[in-house]
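In what follows, a structure is listed as structure tokens, so that the remarks can point back to it.
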Amino acid sequence: MKSMIALCAFAMTATFATVSFAQTPETAAPTTTPSPSEPASGAIKTGPCAKDMDLLCPGVTPGKDMHKCMKDNRKKVSKECKAKMADMKKAMKGVHEACHEDAEKFCGDVKPGKGAMMTCMKDHKDELNQACKDKIENMKAKHKK
């Protein structure tokens, strides 16, 4: 159950922002290369919640801190962002239902946090059941809108 909670938390975080980090094959650790048009964190925020994040959570690091900030400010977010959040919550419910058994089977021993659950699921992407794969792709498509 902990593994699915971690997967859900990661996916809900994705609701609020598209985050892009430069990585090197040697370290595979996030590095930042901000430009004047990017936030200082190096994250690139897009989508219907981007303005809300900038207004309600300035300087907050993308990820679980941003998720918490946006959740704490949920009464203040725009209608468009609320709609996106509801859409992603619904998509995550589908992922949870379709992927629960695979997450427990392949990643049950993974300590949640810092993307470990998502990394584990990606490592086993070819072994996931088709319904799980389909729901993940559906969620990715919704996230890009």
Side-chain angles (χ1 to χ4, degrees), residues 1-24 27-104 106-107 110-145:
M1 186 64 179
K2 287 182 189 176
S3 58
M4 278 313 298
I5 292 169
L7 179 61
C8 290
F10 174 82
M12 286 305 292
T13 300
T15 302
F16 304 118
T18 300
V19 180
S20 175
F21 291 100
Q23 293 187 339
T24 62
T27 63
T31 59
T32 58
T33 53
S35 72
S37 63
E38 294 177 24
S41 67
I44 303 168
K45 299 179 208 171
T46 61
C49 295
K51 288 181 183 177
D52 295 273
M53 287 185 286
D54 289 339
L55 178 68
L56 301 171
C57 305
V60 176
T61 305
K64 71 178 183 177
D65 292 338
M66 181 62 74
H67 176 75
K68 182 182 180 330
C69 179
M70 291 295 286
K71 187 175 179 182
D72 291 347
N73 288 286
R74 66 184 166 267
K75 291 181 180 178
K76 299 176 188 175
V77 300
S78 66
K79 287 187 276 184
E80 296 82 10
C81 184
K82 283 180 183 178
K84 177 71 171 186
M85 291 165 61
D87 193 37
M88 291 303 294
K89 185 175 181 179
K90 184 178 176 183
M92 258 325 296
K93 184 177 180 185
V95 170
H96 177 75
E97 291 170 357
C99 300
H100 177 73
E101 288 181 21
D102 285 343
E104 291 296 323
F106 300 119
C107 307
V110 171
K111 182 180 176 186
K114 299 182 182 180
M117 185 66 191
M118 199 54 147
T119 298
C120 177
M121 292 295 280
K122 285 180 181 179
D123 289 346
H124 293 280
K125 68 181 181 209
D126 295 333
E127 301 167 80
L128 301 176
N129 73 68
Q130 191 59 48
C132 178
K133 290 177 188 178
D134 292 345
K135 291 293 182 178
I136 290 171
E137 287 304 314
N138 179 47
M139 189 180 69
K140 284 181 186 178
K142 287 181 181 293
H143 176 64
K144 289 180 182 180
K145 291 179 182 178

Legend entry - Within residues 118-142 or reaching into it, pairs that qualify as ring-ring contact (aromatic ring centres under 6.0 Å, His included) - sequence neighbours excluded: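 Qualifying pairs, neighbours excluded: Phe106-His124.
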
Inset, instruction - Mind running side chain to side chain contact (heavy atoms under 4.5 Å, CB included) on Met88 and Met92 for me, showing each step along the way? - result: CA-CA 6 Å; Met88 291 303 294; Met92 258 325 296; 5.9 Å; no

Inset, instruction - Would you please test Met70 and Cys57 for side chain to side chain contact (heavy atoms under 4.5 Å, CB included) and show each step? - result: CA-CA 7 Å; Met70 291 295 286; Cys57 305; 3.9 Å; yes

Legend entry - Note, Leu128 side chain near Cys99 side chain (heavy atom, < 4.5 Å):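 Side chain of Leu128 against side chain of Cys99, heavy atoms only: no contact under 4.5 Å found.
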
Nearest-0.5 Å distance, [atom1] of residue [X] to [atom2] of residue [Y]:
X: Met53; Y: Asn73; atom1: CE; atom2: CG; result: 12.5 Å
X: Cys49; Y: Lys84; atom1: SG; atom2: NZ; result: 7.5 Å
X: Met139; Y: Lys90; atom1: CE; atom2: NZ; result: 15.0 Å

Inset, instruction - Taking salt bridge (charged side-chain N to carboxylate O under 4.0 Å, His left out) as the test, write out the residues that go with Asp65, two or more places apart. - result: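 Partners of Asp65 by the salt bridge (charged side-chain N to carboxylate O under 4.0 Å, His left out) criterion come out as none, since no residue qualifies.
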
Name all residues meeting the side-chain contact (heavy atoms from CB on, under 4.5 Å) criterion together with [X]; count only those two or more places apart in sequence or in a different chain, and write none if there are none.
X: Lys93; answer: Glu97
X: Thr119; answer: Asp123
X: Asn129; answer: Asp102, Ala131, Cys132

Inset, instruction - Give every residue pair that meets the salt bridge (charged side-chain N to carboxylate O under 4.0 Å, His left out) criterion with at least one member in residues 125-138, sequence neighbours excluded. - result: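 Non-adjacent pairs meeting salt bridge (charged side-chain N to carboxylate O under 4.0 Å, His left out): Glu137-Lys140.
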
Legend entry - Residues which pass side-chain hydrogen bond (donor to acceptor under 3.5 Å, both in side chains) with Asp72, listed by chain and number, not counting sequence neighbours: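 Partners of Asp72 under the side-chain hydrogen bond (donor to acceptor under 3.5 Å, both in side chains) test: Lys68.
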
Inset, instruction - Verify, without hydrogens or angle tests, whether Asp87 (side chain) and Ala83 (backbone) share a donor-acceptor contact under 3.5 angstrom. - result: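 No: the side chain of Asp87 does not pair with the backbone of Ala83.
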
Inset, instruction - Check for a donor-acceptor pair, side chain of Asp52 on one end and backbone N or O of Val77 on the other, with a separation under 3.5 Å. - result: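 Such a contact is absent between Asp52 side chain and Val77 backbone.
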
